[in-house]
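Here is the structure we will look at.
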Amino acid sequence: MARSNPLSLGRDLAIDLGTANTLIYARGTGIVLDEPSVVAINVNDGRPVAVGVEAKRMMGRTPNHIKAIRPLKDGVIADFEVCEKMLRYFIQKVHASKWSKPRMIICVPSGITGVEQRAVQDAAEYAGARKPVHIIEEPMAAAIGADLPVHEPSGNMVVDIGGGTTEVAVISLGGIVTAQSVRVAGDELDDAILQYVKKEYSLAIGDRTAEEIKIQMGSAWPMEEELTADIRGRDLVSGLPRTIQLTTEHVREALAEPVSAIVDAVKTTLDKTPPELAADIMEDGIMLTGGGALMGGLDQRLAHETGMPIRVAEEPLYSVVIGSGRALENIDAMRGLMSLGGDD
Ligand SMILES: Nc1ncnc2c1ncn2[C@@H]1O[C@H](COP(=O)(O)OP(=O)(O)OP(=O)(O)O)[C@@H](O)[C@H]1O
Ligand SMILES: [Mg+2]
């Protein structure tokens with residue numbers, strides 16, 4: 001059996017190629033990589049100077065000849081060449097063997113087109129995956145990773161809020177019954193903060209600062225204790241560095257629009273759910289996964305707006321990769337949940 005051969009351990013990989021973070025699960029081992037989906041490129045020769053954590057640290061701080069690029073946008077590949085370089089680097093980091101190509105499962109948002117899916121498979125193949133690359137839909141992987149009983153004849157609702165997309169899906173009997181993928185998630189929330197600070201305070205802040213504010217101070221429901229923090233940026237009028245004071249109420253106001261869009265996506269999916277399954281969801285609740293599930297008060301907000309019980313996955317940032325990893329461990333039994341890409 002392949003798994004008892006130590007040389008083959010870790011050869012099969014499951015990859016969560018996310019807009020914000022890429023995670024890799026190695027068969028028989030578990031999660032072996034968790035890095036931001038960022039590449040710093042030397043624009044003179046097109047070579048990567050840093051990938052992952054190191055590249056993210058450079059964002060907004062690069063000299064002219066280096067560009068920090070996020071090759072994915074809204075859950076799909078925006079810069080194919082850079083994406084392939086990034087994948088190759090990550091795969092080589094966890095799969096040292098030059099002699100064999102790893103079998104691979106890679107997950108994609110539920111709403112993507114055939115062309116977008118093919119691009120993900122091509123990137124993985126160019127980066128060293130064995131053909132054909134298996135595909136699993138992100139909400140299915142998220143549901144499996146969050147321990148929902150996806151094979152049962154009952155309605156399981158999962159909401160995965162990532163960096164680029166929010167995926168809402170109802171799953172029963174191993175298949176997606178109804179799903180919606182909206183391109184409003186973490187990045188839009190960051191942008192909303194950036195725009196708010198610009199408009200209300202004439203202060204320019206970077207993407208990383210906006211994300212930091214969201215993580216530290218973002219909320220979707222009034223907090224028990226509202227906080228205030230000093231935010232530094234560049235004054236748009238004087239051009240000089242300036243500090244402002246921002247409260248958690250301000251941040252909530254800044255986030256109001258994209259948060260409502262996420263809430264609406266959940267509501268419209270519920271609206272399209274067949275009645276028997278809706279009754280199950282009423283009983284078992286809605287499971288939140290993805291980094292956005294960590295936002296303060298999002299569970300209360302969704303409970304208030306939908307009347308459903310809301311649960312947050314134990315490790316929401318890992319749900320998708322764990323679910324993809326489980327599919328990899330049981331690749332034959334799980335075949336029905338995946339699709340083989342292309343014509344091969
Ligand atoms: N505590 C937190 N509160 C709010 N947002 C958070 C928190 N922690 C992380 N995030 C956000 O979660 C997002 C990353 O989540 P995740 O890794 O699930 O996305 P992804 O899988 O890369 O993206 P996608 O699935 O859309 O392609 C980022 O936008 C990050 O800022
Ligand atoms: Mg994701």
Side-chain angles (χ1 to χ4, degrees), residues 14-25 31 33-38 52-53 56 59 70-78 83 86-87 90 106-112 116-117 120 136-146 158-169 179-194 206-221 223 248 251-252 254-255 258-259 261-262 265 287-299 301 312-325:
I15 303 191
D16 171 8
L17 179 63
T19 311
N21 301 297
T22 298
L23 292 91
I24 303 184
Y25 178 107
I31 299 171
L33 183 128
D34 173 6
E35 302 232 22
S37 307
V38 186
V53 181
K56 183 165 179 179
M59 270 172 69
R70 296 180 54 194
L72 288 106
K73 190 171 167 23
D74 300 332
V76 298
I77 297 176
C83 185
M86 178 179 83
L87 261 181
F90 287 152
I106 194 156
C107 65
V108 299
S110 62
I112 80 172
E116 287 167 337
Q117 174 173 320
V120 171
I136 183 167
E137 286 182 283
E138 201 169 14
M140 179 61 81
I144 297 171
V158 62
V159 180
D160 179 80
I161 307 164
T165 60
T166 295
E167 310 263 329
V168 189
Q180 201 185 352
S181 170
V182 293
R183 297 186 168 191
V184 180
D187 290 343
E188 293 270 329
L189 297 172
D190 299 348
D191 194 53
I193 291 174
L194 195 143
D207 292 343
R208 293 217 52 193
T209 303
E211 183 183 23
E212 203 57 32
I213 295 171
K214 174 189 71 179
I215 291 174
Q216 301 297 336
M217 304 178 73
S219 59
W221 194 252
M223 298 168 74
T248 39
V251 179
R252 201 156 51 243
L255 296 175
V259 166
I262 293 171
M287 179 66 80
L288 306 186
T289 66
L294 292 166
M295 178 182 294
L298 187 63
D299 47 351
R301 171 76 183 272
V312 177
E314 217 163 286
E315 296 204 82
L317 284 158
Y318 294 161
S319 307
V320 168
V321 78
I322 289 173
S324 313

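Quick caveat, the model's predicted, so the values are computed rather than measured. This chain uses plain numbering: 1 for the first residue, then up along the sequence. Both counts, for ligands and for their atoms, begin at 1 and track the order of listing.
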With heavy-atom distances below 4.0 Å as the criterion, list the atoms of ligand 1 near [X].
X      : result
Gly186 : 29 (O)
Thr165 : 26 (O)
Gly290 : 18 (O)
Gly18  : 20 (P), 21 (O), 22 (O), 27 (O)

To the nearest 0.1 Å, how far is [atom] from its closest protein heavy atom, and which atom is that?
atom                    : value
atom 9 (C) of ligand 1  : Gly291 O, 3.9 Å
atom 1 (N) of ligand 1  : Leu294 CB, 3.4 Å
atom 17 (O) of ligand 1 : Asn21 ND2, 2.8 Å
atom 19 (O) of ligand 1 : Gly163 N, 3.0 Å
atom 11 (C) of ligand 1 : Lys214 NZ, 3.6 Å
atom 30 (C) of ligand 1 : Glu211 OE2, 3.2 Å

Check: Quick one: are Pro258 and Leu189 in side-chain contact, heavy atoms under 4.5 Å?
Finding: yes

Checklist line | Test item: Glu315 and Ile322 side chains (from C-beta on) under 4.5 Å apart, heavy atoms | finding: no

Notebook entry, point to check: Judged by non-hydrogen atoms, does Gly292 sit under 4.0 Å from ligand 1?
Noted result: yes

Margin query: For Val184, is there any backbone N or O sitting under 3.5 Å from a side-chain donor or acceptor partner on Thr166?
Written below: yes

Working to the nearest 0.5 Å, report the span between [atom1] of [X] and [atom2] of [Y].
X      : Y      : atom1 : atom2 : result
Asp187 : Lys214 : CG    : NZ    : 7.0 Å
Asp190 : Glu212 : CG    : CD    : 10.0 Å
Asp299 : Leu294 : CG    : CG    : 10.5 Å

Next item on the list: Of the side chain and backbone of Glu138, name the one, both, or neither that has a heavy atom under 4.0 Å from an atom of ligand 1.
Entry: side chain

Note to self: Tell me the contacting part of Leu317 for ligand 1: side chain, backbone, both, or neither, using a 4.0 Å heavy-atom threshold, strictly below.
What the structure shows: side chain

Checklist line | Chi angles and distances behind the side chain to side chain contact (heavy atoms under 4.5 Å, CB included) call for Leu17, Leu72 | finding: CA-CA 9 Å; Leu17 179 63; Leu72 288 106; 3.8 Å; yes

Check: Taking atom types as modelled, is there a side-chain donor on Glu167 or Ser181 under 3.5 Å from an acceptor on the other?
Finding: yes

Checklist line | Passing candidate, side-chain contact (heavy atoms from CB on, under 4.5 Å) with Leu87, options Ile77, Val120, Ile15 | finding: Ile15

Item checked: Intermediate values then yes/no, side chain to side chain contact (heavy atoms under 4.5 Å, CB included), Arg183 and Val76 -> CA-CA 10 Å; Arg183 297 186 168 191; Val76 298; 4.0 Å; yes

Item checked: Worked check of side chain to side chain contact (heavy atoms under 4.5 Å, CB included) between Lys56 and Glu211 -> CA-CA 12 Å; Lys56 183 165 179 179; Glu211 183 183 23; 3.0 Å; yes

Note to self: Asp187 versus ligand 1: do any nitrogen or oxygen atoms come within less than 3.5 Å of each other?
What the structure shows: no

Margin query: Atom CG of residue position Asp207 - does it have more than 12 heavy atoms of other residues, nucleotides or ligands inside 6.0 Å?
Written below: no

Check: By residue and atom, what protein N/O/S atoms are less than 2.8 Å from the Mg ion (ligand 2)?
Finding: Glu138 OE2

Checklist line | The single option from Thr22, Thr19, Asn21, Asp16 passing side-chain hydrogen bond (donor to acceptor under 3.5 Å, both in side chains) against Ser37 | finding: Thr22

Check: Of Ala142, Gly218, Gly164, Ala20, which has the heavy atom at the shortest distance from atom 26 (O) of ligand 1?
Finding: Gly164

Check: Considering Met295, Arg208, Glu167, Gln216, which one's heavy-atom position lies nearest to atom 4 (C) of ligand 1?
Finding: Met295

Note to self: I'd like to know whether Ile161 forms a side chain to side chain contact (heavy atoms under 4.5 Å, CB included) with Leu298, so could you lay out the CA-CA distance, the side-chain angles of the two residues, the decisive distance to 0.1 Å, and finally the verdict.
What the structure shows: CA-CA 11 Å; Ile161 307 164; Leu298 187 63; 3.4 Å; yes

